[in-house]
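Numbering starts at 1 and runs along the sequence shown. Only a predicted model underlies this, so the values are computations on that prediction, with no experimental measurement involved.
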Amino acid sequence: MKLSTTTRAAAVSSALAATLALAACGASNETGGDAGAATSGGSASSAAPELSGALAGAGSSAQQSAMEAWQAGFEGEYPDVQFSYDPSGSGNGRKAFLSGAADFAGSDAALKDEELAQAADRCATADVFELPNYISPIAVAFNLEGVDSLNLKPATVADIFSGKITTWNDPAIAADNAGVTLPSTAIVPVHRADDSGTTENFTEYLHEVAPDAWTAEPDGVWPLEGGENANGTSGVIDVVTSTAGAITYADASRASDLGIVSVAVGGEFVAPSAEAAAAVVENSPVVEGRGEYDFAIELNRATEGTGEYPVVLVSYHVGCVQYDDAAKAANVKGFMQYVISEEGQSASSENAGSAPISETLRTQAQTAIDAITAAG
């Protein structure tokens, strides 16, 4: 796999200049071309540095559809970069990055404190960056013949996934779905078998919004016994699609053929959408006390804002601000630059249904990308 870029944010010129400096150790790069054309949406190929060599990422399976779009775009601009991405799950991706087996991770959860300590070693005591480059709602998706949508309160969702509610005609479900014919079909909860950032986001939502019904602490590893399980986003979707009465949680872009839950937020029920997910992120603060280029977000799961959908996944790209190899640093820099560009975000939105990052997040990410360099 590899990946393209034809549009750039206004700050691309400085990013490219820094890339030239770090790549000068191994090769000369051209910076000709009209910067204004790149900013206005024209092709930036004439201004792009020459990149080559390998670039390996691993992690989030929720990002898989977006990564395919980023791959196609980046590959068109940098055909000499051998890009690969293993969608093995967020936990595995973070492990691969921290061990040096991957150059960057895709993760649906920010690094934990112990992982930040490991990142300091991985990045040779330089800063680690965490960029919230992929924003998507997590859909609560089900397979129930004749029913395409349901309204559920957070506590009802919690009781379904903990096994307290076992049939689809339970009074708690019926109470918020007047006029919907609900069968006595058994509910089959399906969760991720692997260490998953989607699981961590979902259990965090339940823990914060329905603490009396969901007492387990948020975790990337499913914390309860029972139910069915499968690896990866594709795995749980496949199980639900083939199992009558099944329900799961998954990136909304992968759940479009299933029934979808609208969750209670304040006095309304809100369906998952890119716009509703982005609204929550925009109104949530950055986690305090982390590094200069660490932009982990403290999501406001308990929002009661109109049109906000709090079962949201913010997926990060995690990497080093400093790499030992100049070509590797240039490749990471070039890829991240494409991902945050308007073109990259548009490609992700079209292919994965994600919410484009805001100008605030783009400007923030640009500071980290500008800082990526090579040791020595």
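- A donor-acceptor pair is defined here as one N or O able to donate and one able to accept, closer than 3.5 Å; no such pair exists between the side chain of T243 and the backbone of V240.
- In this structure T360 satisfies the side chain to side chain contact (heavy atoms under 4.5 Å, CB included) test together with E282, S358, sequence neighbours excluded.
- Within 6.0 Å of CD in E145 there are 12 or fewer heavy atoms belonging to other residues, nucleotides or ligands.
- Sorted by first and then second residue, the side-chain hydrogen bond (donor to acceptor under 3.5 Å, both in side chains) pairs with a member in residues 91-100 read R94-S107, R94-E115; sequence neighbours excluded.
- Remark: the backbone N or O of E77 is not paired with any side-chain donor or acceptor of Y338 at under 3.5 angstrom.
- Although no hydrogens or angles enter the test, the distance criterion places a donor-acceptor pair under 3.5 Å between the side chain of K333 and the main chain of D370.
- One N or O on the side chain of Y309 and one on the backbone of I138 form a donor-acceptor pair closer than 3.5 Å.
- Annotation for E304: atom CD does not count as buried by contact number, only 12 or fewer foreign heavy atoms lying within 6.0 Å.
- Relative ring orientation between F104 and H317 is described as perpendicular, the plane-to-plane angle rising above 60° on a 0-90° scale split at 30° and 60°.
- The stretch residues 349-372 participates, sequence neighbours left out, in no ring pair (Phe, Tyr, Trp, His ring centres under 6.0 Å) pair at all.
- Sorted by first and then second residue, the ring pair (Phe, Tyr, Trp, His ring centres under 6.0 Å) pairs with a member in residues 266-293 form an empty list; sequence neighbours excluded.
- Judged by distance alone, the side chain of N283 and the main-chain N or O of A279 form a donor-acceptor pair under 3.5 Å.
- Under the rule for a side chain to side chain donor-acceptor pair (under 3.5 Å), the partners of T167 that lie at least two apart in sequence or sit in another chain are N169.
- Pairs engaging residues 210-233 under the ring pair (Phe, Tyr, Trp, His ring centres under 6.0 Å) rule: H191-W222, W214-W222, W222-Y249 [sequence neighbours left out].
- Residues forming a ring pair (Phe, Tyr, Trp, His ring centres under 6.0 Å) with F129 (at least two apart in sequence, or on another chain): none.
- Test S315, S196, S61 against D108 for side-chain hydrogen bond (donor to acceptor under 3.5 Å, both in side chains) and you get one pass: S315.
- With rounding to the nearest 0.5 angstrom, the CD1 atom of I340 is 13.5 Å from the OG atom of S348.
- Across A54 and N331, no two heavy atoms sit closer than the pair O-ND2, 3.5 Å.
- Checked against salt bridge (Lys or Arg N to Asp or Glu O under 4.0 Å), D194 has the following partners two or more places apart in sequence or in another chain: R192.
- Applying the side-chain hydrogen bond (donor to acceptor under 3.5 Å, both in side chains) test to residues at least two apart or on different chains, the pairs with a partner in residues 135-144 are S136-D251.
- Side-chain atoms of E308 and T303 form a donor-acceptor pair, as typed in the model, at a separation below 3.5 Å.
- No side-chain donor-acceptor contact under 3.5 Å links N300 and S284.
- Between the side chain of N351 and the main chain of A66, no donor-acceptor pair closer than 3.5 Å is present.
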Test ring pair (Phe, Tyr, Trp, His ring centres under 6.0 Å) on Y85 and W70; report intermediate values, then the result. CA-CA 11 Å; Y85 183 81; W70 291 328; 8.8 Å; no
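- Y323 contributes no side-chain N or O that, together with a main-chain N or O of I372, makes up a donor-acceptor pair within less than 3.5 Å.
- Here Y134 pairs with nothing under the ring pair (Phe, Tyr, Trp, His ring centres under 6.0 Å) rule; sequence neighbours left out.
- V221 and V236 are assigned to two separate hydrophobic clusters, defined by single-linkage of ILVMFWY side chains at heavy-atom distances under 4.5 Å.
- Contacts of E204 classified as side chain to side chain donor-acceptor pair (under 3.5 Å), with partners at least two apart in sequence or in another chain: R301.
- For Q82 (side chain) and D80 (main-chain N/O), a donor-acceptor pair under 3.5 Å exists by modelled atom type.
- Atom CE of residue M336 and atom CD of residue Q366 lie 12.5 Å apart, to the nearest 0.5 angstrom.
- With sequence neighbours left out, E350 forms a side chain to side chain donor-acceptor pair (under 3.5 Å) with S346.
- Taking the six-membered ring for Trp and the full ring otherwise, F295 and Y316 have centroids separated by 6.0 Å or more.
- The backbone N or O of V190 sits less than 3.5 Å from a side-chain atom of T248, completing a donor-acceptor pair.
- Rounded to the nearest 0.5 angstrom, T203 OG1 and E200 CD are separated by 6.5 Å.
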